[in-house]
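To start, the structure itself, in structure tokens.
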Amino acid sequence: MTVRVHFYSYFKELTGCPSTEETVVEGATIDQLLGQLYGRFPKLTAMRNSTLIAVGVDYQGRSYVLKTGDEVSLFPPVQGG
Amino acid sequence: MTTELILTTDPIDEAALIARRRASAGMGAAISFSGIVRGKEGADAISAIDYEAFRPMVEHQFKLLFAEAGQRWPVVESIRLVHRVGVVKVGEPSLWVEVVTPHRSEAFAACQWLIDEMKRIVPIWKKPLL
């Protein structure tokens, strides 16, 4: 299945795009998705330990099991105010 | 409890916001906080900050925070929060928060907590401009 992944803040510079599509196996977790994305976008690996992850508009952990139609967002720590 | 969230590219008109304040007879405290763009980011002088927001998630996360604030401080009558997006020049407010309660202690506490949580979970980022 295919999931759309959005990048925010300087993650767009690290990947060179605001969003992408990634094909993952049925039952894949976010952790597996990240592994694939690190292969495509090696500069993202430097942010491995501080990447925040959302599916839709809610935060999710790396063990979240992806579903068809999920929109995943990856971004660095937030800085409002 | 009433809440209002405004994400805007327009300058924050604090006087107009205060003029629109509504507080019932039992309310005795209205705290408003303005976050202003500093002229320095670390050691570097800057001219402005460009704020980027993941708008649908910002709206959702603020809704959750407002609800939690209402549970933590049930006496809160209203919360209003305005956050700029886009380019905000040095010296201009990028954030305005108001909390209305019967007494000041809850207003200060709720306002502080809300801003702390915003900086932890609400997906807004800033890019300093030289």
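Every chain is numbered from 1, with letters handed out A, B, ... down the list of sequences. Because only heavy atoms are used, hydrogens play no part in the values below, and waters and symmetry mates are left out as well, while side chains stay in.
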Provide the closest heavy-atom pair for [X] versus [Y] in the form atom of the first, atom of the second, distance.
X: A:G56; Y: B:F54; result: O-CZ, 3.7 Å
X: B:K126; Y: A:Q79; result: N-OE1, 3.1 Å
X: A:V78; Y: B:M118; result: CG2-O, 4.0 Å
X: B:H60; Y: A:D58; result: NE2-OD1, 2.7 Å
X: B:W125; Y: A:P76; result: NE1-O, 3.0 Å

- Is A:L74 linked to A:L52 within one hydrophobic cluster, defined over Ile, Leu, Val, Met, Phe, Trp and Tyr using a side-chain heavy-atom separation of less than 4.5 Å? no
Proximity breakdown for [X] and chain A, heavy-atom pairs closer than 4.5 Å:
X: B:I121; result: both
X: B:R84; result: neither
X: B:I124; result: both
X: B:Q61; result: side chain

- Item | Top contributor to chain B interface from A:G80, A:S73, A:A54 [non-hydrogen pairs under 4.5 Å] | A:G80
- Greater than 12 external heavy atoms within 6.0 Å of A:R4's CZ: yes
- Message: Is it true that, when you exclude A:R40 itself, more than 12 heavy atoms of the residues, nucleotides or ligands shown sit nearer than 6.0 Å to its CZ?
- Response: yes
- Task: For the residue pair A:Y10 and B:K127, establish whether any side-chain heavy-atom pair is separated by less than 4.5 Å.
- Result: no
- Please tell me if the side chains of A:F75 and B:M57 come closer than 4.5 Å, counting only heavy atoms from C-beta onward. yes
